[in-house]
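Note that the structure is a prediction, hence the values are computed from the model and not measured.
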Amino acid sequence: MTDTVIHPGLVLIAGGLVLPWLSGKLRAFAVVALPLLVLALVWQVPDGAAWQARFLDYTITPLQGDKLSRLFATIFALMAAGGGLFALGQKSRVEVPAAFVYAGSAIGVALAGDLVTVFAFWELMAIGSTLVLWSQGSNDSYRAARRYLMIHLLGGVILFAGVTGHIAQTGDVAFTRMVLDSPAHWLILAGFLVNAGAPPLSAWLPDAYPEASWSGTVFLSAFTTKTAVYVLIRGFPGTELLIWVGLFMVFYGIVYALLENDMRRILAYSIVNQVGFMIAGIGIGTEMALNGAAAHAFTHIIYKALLLMSAGSVLMMTGRRKCSELGGLFHTMPLTTACGTIGALAISSFPLTSGFVSKSMVSQAAADGHLLTVWLLLTAASAGVFLHAGIKFPWFVFFQKDSGLRPAEPPAPMRWAMIAFAFLCIALGVWPEPLYALLPYVVNYQPYTWAHVLTQLQLLLFSGLAFFVMLPYLKRTLTITLDTDWMWRRLLPALSRAVEKLIVGVRGGIERAVKRLGAGLLAVVIRHYGEDGSFARTWSTRSMALWVLVLLLGYLVLYYL
């Protein structure tokens, strides 16, 4: 135990809580400098347990370092810095502080050595991300935030049940590799997969993320799903089920992204697609596959943030988000266009970009493991990625038929953030060795062989040809694509209306029955006590004397018996 080590995640969370009280240049400096300080602190965490404490008779490890945790904590800190720079012009006083709490919680998960700490930071992530979404301030974002929170509270309950079951079963809180040999481990896996955007709840991601602000979506894209990838690498490597879950996510994301019209929903579905590659690699479970999943998570955070920065810049400068309303923006937004195009090439694994040196490791692991079907499906999916994110997004937003819009470039902090992330996309693609050195296992892989490069270029060229051949069928209308969110967008409202109608009908029936009963009772009362009722008539003295005599006789009989 090293008492002098500072917890990087807690520093970022504390900074996020202080940030609303700062203003002006001091606040701007803190937004960029604090994550960089946290990045330096990440690299001060030694291998092994740095913090330990007793909690409910268990030894918890809130701070623990190794190569895998350091890799994810590093990219989370970099993302917080880049996202903060991009959001310097954000008027909301809540978004960036909430985003820092969110990012700090993700770092906390990455550096946690026990399941109790993982769960605590996991739930804090849900709160921070919900506030980022809510801070946009529109009615749509409020409703999306409520739906988002419901899904993640559900995932949290499932995870909590799994963690408590695991502790009760094993008596150990350490976060180590698990196998699916008990209901508790199945529940933990399910809780992790909810945050990963896995089926059947994948729709929470494209439902929520596009409703955030022009800068909020950048933060949201980085932490939740990649934290889920981290815990799956840590907890369930080599679980074969994850191969098929990942492949489903890969093609699910491609199909819905091709159908979508909203530029940020296209990129949100693309997140599901790319996380599917990582989960498939985790399912393969070899050192090459796990290195590929970790490296792809690292590079994906960078190029996805770059894509969403370009989309956020377009949204901020035009106020429009539908592809059918955009086009021709390269005339007045050349820098945004160039950065968005670099991000599109990186996500498509174009040679000399970061995606090429990471995603290809997963495919190579499938080939090395003689998983021919998996390799073929991953290769086909790579072509699909180029269709929806590599070409469709930049083409319809920047290059298609001129929309007549002539927006200026976004403010300087947004441009600098895009330039920095575009540089990283190219630098890691040209020189991948620093990234490979961070990976959890020794890398014996050379991405730039003639076979790899030619195969990928052929695949991308074929995909590009297919896109332009099918271009008339890819033009979208002013609609929203529904998938499993049909349940809460259509089914649940319909059920709510049906239940409401049933309740109104039952209540009306009860009211009518009560009225009829009341009317009947009133009629009885009137019949007996009304002007002509039996109790309202005048009784003779003889009758009254007779009834008194009867009552007295009855009393005497009862008394003597």
Query raised in the report: Under the side chain to side chain donor-acceptor pair (under 3.5 Å) test, which residues partner Ser354, sequence neighbours left out?
Result: none
**Report entry** Check: Lys392 side chain, Ala257 main-chain N or O, donor-acceptor pair, under 3.5 Å
**Finding:** yes
Requested in this report: State whether a side-chain donor-acceptor pair under 3.5 Å links His452 with Gln446.
Outcome: no
**Report entry** Short side-chain to backbone donor-acceptor contact, Gln456 and Ser348, under 3.5 Å
**Finding:** yes
Requested in this report: Please check if any side-chain donor atom of Tyr102 sits under 3.5 Å from a side-chain acceptor atom of Thr224, or the reverse.
Outcome: yes
Query raised in the report: So, for Pro394 and Thr341, which heavy atoms are closest and what is the spacing to 0.1 Å?
Result: CB-OG1, 4.4 Å
Query raised in the report: Hey, do the aromatic rings of Trp204 and Tyr209 have their centres closer than 6.0 Å?
Result: yes
Query raised in the report: Is the Phe236 ring parallel, tilted or perpendicular to the Phe192 ring (thresholds 30°, 60°)?
Result: perpendicular
Query raised in the report: If you round to the nearest 0.5 Å, how far is CG of Leu189 from CG of Leu242?
Result: 5.5 Å
Query - Ile271 vs Thr225, side chain to side chain contact (heavy atoms under 4.5 Å, CB included): CA-CA, chis, key distance, verdict - result: CA-CA 8 Å; Ile271 293 174; Thr225 51; 3.9 Å; yes
Report task. Look only at the side chain of Lys304 and the backbone of Ile347, and say whether a donor-acceptor pair between them is shorter than 3.5 Å. Result -> no
Query raised in the report: Does the Arg265 side chain pair with the main chain of Pro206, one donor and one acceptor, at a distance under 3.5 Å?
Result: yes
Query raised in the report: Checking Tyr230 side chain against Ala110 main chain: does a donor-acceptor pair fall under 3.5 Å?
Result: yes
Requested in this report: Assess the side chains of Ser215 and Glu95: does a donor N or O sit below 3.5 Å from an acceptor N or O?
Outcome: yes
**Report entry** Side-chain donor or acceptor of Asn273 paired with backbone N/O of Val250 under 3.5 Å
**Finding:** yes
Report task. Look only at the side chain of Asn291 and the backbone of Met361, and say whether a donor-acceptor pair between them is shorter than 3.5 Å. Result -> no
Query raised in the report: Between Ser69 and Asp66, is any side-chain donor less than 3.5 angstrom from a side-chain acceptor?
Result: yes
Query raised in the report: Is the backbone N or O of Ala294 less than 3.5 Å from a side-chain atom of Lys226, with the two atoms forming a donor-acceptor pair by type?
Result: no
Query raised in the report: Do the side chain of His185 and the main chain of Val179 share a donor and acceptor less than 3.5 angstrom apart?
Result: yes
**Report entry** Worked verdict on Leu131 versus Val101 for side chain to side chain contact (heavy atoms under 4.5 Å, CB included)
**Finding:** CA-CA 10 Å; Leu131 288 174; Val101 172; over 6 Å; no
Query raised in the report: Is a donor on one side and an acceptor on the other found under 3.5 Å between the side chain of Ser202 and the backbone of Ala198?
Result: yes
Query raised in the report: Should we say atom CZ of Phe399 is surrounded by more than 12 heavy atoms from elsewhere, each under 6.0 Å from it?
Result: yes
Report task. Mind running side chain to side chain contact (heavy atoms under 4.5 Å, CB included) on Val362 and Met278 for me, showing each step along the way? Result -> CA-CA 8 Å; Val362 178; Met278 303 169 206; over 6 Å; no
Report task. Establish, yes or no, whether a centroid distance under 6.0 Å links the rings of Tyr256 and Tyr252. Result -> yes
Query raised in the report: Taking the six-membered ring for Trp, are the ring centroids of Tyr448 and Phe356 within less than 6.0 Å of each other?
Result: yes
Report task. May I have the step-by-step check of side chain to side chain contact (heavy atoms under 4.5 Å, CB included) for Leu439 and Lys67, ending in yes or no? Result -> CA-CA 6 Å; Leu439 297 180; Lys67 296 191 72 174; over 6 Å; no
